[in-house]
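Here the structure is laid out as structure tokens; the discussion comes afterwards.
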Amino acid sequence: TGHVSIQTGSGGLGKSYPIKQWDVVAQTLRSEGYRVVYIGGPSDPQPCGELDNFVGKLSLRESMGVIASSALHLAGDTGTGHIAAAYGTPGVSIFGPMPSSVYRPFSPKTVVLERGGRPENITTDEVIEAALNQLRRFS
């Protein structure tokens with residue numbers, strides 16, 4: 001089974017899924033037997049665990065390699081979701097204030113979750129369910 005990559009941050013205000021919620025998602029996916037790899041830029045949130053944490057440590061090209069080799073990519077409304085779509089990597093994108101009908105990654109392998117214009121309104125259970133469904137569907 002390939003790894004699951006999680007992009008911890010998003011470029012704009014109100015677009016990021018809270019890091020504590022990502023950590024719950026990651027912990028659950030690890031308990032299901034998946035390797036979880038965190039990626040992000042130098043100013044993106046740091047996960048609480050240091051295991052496979054590459055936030056702020058990879059170039060864009062290296063991050064793209066992580067995404068391309070992922071079994072699944074999880075992200076907020078940010079560019080790495082589009083990179084995953086371009087590579088054909090299955091994804092789950094969590095949207096906030098921006099209209100997903102315009103800005104979502106356009107791929108038949110991407111699921112978008114959104115509720116009330118706030119990423120934190122999406123429960124970790126919903127993200128985990130979407131992630132596991134994607135992993136089953138595309139593995």
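Please read these numbers as outputs of a predicted model, since none were measured by experiment. We count residues from 1, following the sequence as given.
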Give a yes or no on whether [X] atom [atom1] has more than 12 heavy-atom contacts from other residues, nucleotides or ligands under 6.0 Å away.
X	atom1	value
R136	CZ	yes
E126	CD	yes
R115	CZ	yes
F54	CZ	yes

Is there a side-chain contact between [X] and [Y], using heavy atoms and a 4.5 Å cut-off?
X	Y	answer
V25	V4	no
Q7	L74	no
V37	R35	yes
Y103	T78	no
H73	T80	yes
V127	L113	yes
T8	I39	no
F138	K109	yes

List the atom pairs, with distances to 0.1 Å, where a side-chain N or O of residues 86-101 and a protein N or O form a donor-acceptor pair under 3.5 Å, not counting sequence neighbours.
unit_1, atom_1, unit_2, atom_2, d
T89, OG1, I67, O, 3.1
S100, OG, E114, OE1, 3.4
S100, OG, E114, OE2, 2.5

Can you run down the side chain to side chain donor-acceptor pair (under 3.5 Å) pairs that involve residues 15-24, sequence neighbours left out, and say none if there aren't any?
->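 The answer is Y17-Q21, D23-Y38.
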
Please determine, by modelled atom types, if S5 and S70 share a side-chain donor-acceptor pair under 3.5 angstrom.
->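 Note: S5 and S70 side chains meet the donor-acceptor criterion.
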
Minimal non-hydrogen separation, S10 against D44, with atom names =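 That would be N-OD1, 4.2 Å.
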
With hydrophobic residues grouped by side-chain heavy-atom distances under 4.5 Å, do V55 and L29 end up in a single group?
->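 Per the 4.5 Å side-chain linkage, V55 and L29 are co-clustered.
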
